[in-house]
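Since we're looking at a predicted model, the values are computed, not measured.
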Amino acid sequence: AVVAADTESLSGITDSAMRRHGIPIFTSRSERITSSPSVRLIISLLRIVGRWRGEDVISVVKTGLSSLSNDLACAFENYTDTWNIRGHAMFTSPWSMNPDGYSESLSRRARQTLVNANEAREIIIPPIERFCTVFEGGRAPIRKICEALVEYFAETGAYRAMTERAKTLSPDDSAREMLVWSEICTA
């Protein structure tokens with residue numbers, strides 16, 4: 001057995017050397033649960049409830065588990081940052097302000113960015129609103145929250161995005177990510 005406090009800096013080197021000499025290797029490393037996109041998505045959704053802060057809504061998009069293309073995600077994030085979008089009403093109303101900020105003219109690029117930002121908003125916000133309805137009246141039973149999360153993941157394609165992402169990970173990382181999802185579903 002080889003035990004090291006920092007295996008990350010040796011990753012790839014020790015794996016290769018051990019395999020070259022026919023020595024079986026298993027590397028165990030601890031990771032924060034928040035390194036999982038599915039957990040970050042859940043945390044972001046829970047933070048949105050009752051507050052609708054821009055950074056929380058953007059973090060939903062940044063998990064990589066939304067169905068948005070990169071162009072739509074960027075337009076959404078940039079518009080939200082430029083105009084400091086926050087609050088339920090600001091996220092659910094159509095956006096019309098210039099994506100370039102305080103400018104009288106709307107360039108062709110700005111027009112397209114505005115179209116993309118609104119398209120992204122129309123994709124992202126309704127499922128979040130449906131998730132938040134679980135908390136109408138304040139508190140919600142954990143079972144209802146878990147059911148709403150599973151519905152959110154199914155409706156938005158987050159589960160499909162997560163399984164696609166898992167295909168690009170190492171077998172260990174993929175198994176870890178799918179285990180996290182399994183734990184979420186059986187909570």
Subject >> Side chain to side chain, Phe76 and Asn116, heavy atoms closer than 4.5 Å >> reply: no
Original post:
Considering all heavy atoms of both residues, which atom of Ser44 and which atom of Ser59 are nearest to each other, and what is their separation?
Top reply: OG-OG, 2.6 Å
Original post:
Just wondering, do Ile58 and Asp81 contact through their side chains at under 4.5 Å, heavy atoms?
Top reply: yes
Original post:
Got a sec: does the CZ of Arg160 have more than 12 other heavy atoms crowding it under 6.0 Å?
Top reply: no
Original post:
Quick one: CG on Leu65 to OH on Tyr152, what's the gap to the nearest 0.5 Å?
Top reply: 8.5 Å
Original post:
Are the side chains of Thr133 and Glu136 in touch, meaning some heavy atoms are under 4.5 Å apart?
Top reply: yes
Subject >> Cation-pi, Trp95 ring and Arg121 (6.0 angstrom, 45 degrees) >> reply: yes
Original post:
Which atoms form the tightest heavy-atom contact between Leu106 and Pro99, and what is the distance?
Top reply: CD1-CD, 3.8 Å
Subject >> Spacing of Asn98 atom CG and Leu114 atom CG [to the nearest 0.5 Å] >> reply: 8.0 Å
Subject >> Distance, nearest 0.5 Å, that separates CG of Leu72 from CD1 of Ile123 >> reply: 5.5 Å
Original post:
Side chains of Asn118 and Glu122: donor-acceptor distance under 3.5 Å anywhere?
Top reply: no
**OP:** Could you tell me whether the side chain of Val61 reaches within less than 4.5 Å of the side chain of Ile124, counting heavy atoms only?
**Re:** yes
**OP:** Please round to the nearest 0.5 Å and tell me the distance separating atom OG of Ser105 and atom CZ of Arg111.
**Re:** 9.0 Å
**OP:** Drop me the distance from Leu46's CG to Ile145's CD1, to the nearest 0.5 angstrom.
**Re:** 6.5 Å
Original post:
Backbone N or O of Phe135 within a donor-acceptor pair of the Arg139 side chain at under 3.5 Å?
Top reply: no
Original post:
What is the distance from atom CZ of Arg130 to atom CD of Glu155, rounded to the nearest 0.5 Å?
Top reply: 4.0 Å
Subject >> Heavy atoms of other groups near Asn70 CG, more than 12 under 6.0 Å >> reply: no
**OP:** Write down the atom of Ser107, the atom of Asp100, and the distance for their closest heavy-atom approach.
**Re:** OG-OD2, 3.9 Å
Subject >> Note, Leu41 side chain near Phe153 side chain (heavy atom, < 4.5 Å) >> reply: yes
Subject >> Side chain to side chain, Cys132 and Trp52, heavy atoms closer than 4.5 Å >> reply: yes
Subject >> Shortest non-hydrogen contact from Arg40 toward Lys62 >> reply: NH2-O, 4.4 Å
**OP:** Evaluate the side-chain contact (heavy atoms from CB on, under 4.5 Å) criterion for residues Glu129 and Thr92: first the C-alpha distance (whole Å), next the side-chain angles of each, then the deciding distance (0.1 Å), finally the verdict.
**Re:** CA-CA 9 Å; Glu129 285 184 297; Thr92 56; 3.1 Å; yes
Subject >> Single hit among Thr80, Val57, Ile85, Asn84 for side-chain contact (heavy atoms from CB on, under 4.5 Å) with Met90 >> reply: Ile85
Subject >> Test side-chain contact (heavy atoms from CB on, under 4.5 Å) applied to Val49 and Phe131, step by step >> reply: CA-CA 9 Å; Val49 175; Phe131 171 77; 4.0 Å; yes
Subject >> Pairwise side-chain contact, Thr113 with Tyr79, heavy-atom cut-off 4.5 Å (strictly under) >> reply: no
Original post:
Sub-3.5 Å donor-acceptor pair from the side chain of Ser174 to the main-chain atoms of Ser170, do we have one?
Top reply: no
**OP:** Locate the shortest heavy-atom distance separating Gly54 from Arg86; write the atom from each residue and the value.
**Re:** N-CB, 4.2 Å
Original post:
Side chains of Arg165 and Pro37: does their closest heavy-atom pair fall under 4.5 Å?
Top reply: yes
Original post:
Of the non-hydrogen atoms in Gly64 and Ala161, which two are nearest, and what is the gap between them?
Top reply: O-CB, 4.1 Å
